[in-house]
Asker: 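Structure below; questions to follow.
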Amino acid sequence: MEKAKAPSSVKTPGSSSLKGFKHSKPGLWLSIGTSAFGAVSVVKDVRKAREESDTLKLVNALVGAAALITGTALLVRELRQLASDDVLLG
């Protein structure tokens with residue numbers, strides 16, 4: 001039996017016209033901005049953990065901060081690579 005192929009005009013649930021947005025400059029800037037909002041949450045978690053003297057919550061908040069820093073660094077690197085690949089920027 002052959003699988004029926006969907007016509008090219010029909011969009012599947014996973015496909016979107018915004019598929020490449022995540023790897024575009026505006027998409028990367030949006031992701032960096034989202035990370036900034038995440039940093040606010042991490043700061044609140046650290047303050048709360050310190051007020052409660054809860055070491056486990058503090059470690060959790062610091063691990064979250066490390067994840068945010070690493071993720072943001074990856075986004076910045078990708079943004080720089082996009083800029084260096086841009087022919088118009090020289």
Side-chain angles (χ1 to χ4, degrees):
M1 285 188 179
E2 271 187 48
K3 290 184 178 180
K5 292 184 179 181
S8 61
S9 63
V10 175
K11 294 200 180 248
T12 57
S15 69
S16 169
S17 61
L18 298 176
K19 194 172 188 177
F21 181 72
K22 183 178 179 182
H23 297 289
S24 67
K25 285 184 184 181
L28 290 171
W29 280 112
L30 181 64
S31 296
I32 291 170
T34 303
S35 294
F37 280 112
V40 172
S41 175
V42 168
V43 169
K44 287 180 181 179
D45 290 345
V46 168
R47 285 183 183 163
K48 185 175 179 182
R50 291 183 78 195
E51 286 174 3
E52 296 174 0
S53 298
D54 190 338
T55 307
L56 191 57
K57 283 184 180 180
L58 183 60
V59 169
N60 185 45
L62 294 176
V63 169
L68 274 173
I69 291 168
T70 305
T72 303
L74 289 169
L75 291 168
V76 168
R77 181 177 69 181
E78 192 169 343
L79 190 62
R80 286 183 180 166
Q81 286 175 348
L82 277 178
S84 68
D85 291 342
D86 194 351
V87 177
L88 296 176
L89 291 177

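Positions are given from 1, in the same order as the sequence printed here.
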Asker: Under the side-chain hydrogen bond (donor to acceptor under 3.5 Å, both in side chains) rule, collect the residues that match up with Lys57, sequence neighbours excluded.
Answerer: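 By the side-chain hydrogen bond (donor to acceptor under 3.5 Å, both in side chains) rule, Lys57 matches Glu52.
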
Asker: Quick one: do Leu82 and Trp29 end up in the same hydrophobic cluster if we chain Ile, Leu, Val, Met, Phe, Trp and Tyr together by side-chain heavy atoms under 4.5 Å apart?
Answerer: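 Leu82 and Trp29: one cluster.
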
Asker: With rounding to the nearest 0.5 angstrom, report the CG to CG distance, Leu75 to Leu30.
Answerer: 10.0 Å

Asker: Share the residues that join Leu68 in a hydrophobic cluster, the rule being Ile, Leu, Val, Met, Phe, Trp or Tyr side chains under 4.5 Å apart at the heavy-atom level.
Answerer: Val42, Val46, Leu58, Leu62

Asker: When rounded to the nearest 0.5 angstrom, what is the spacing between CG in Leu79 and OG in Ser31?
Answerer: 10.0 Å

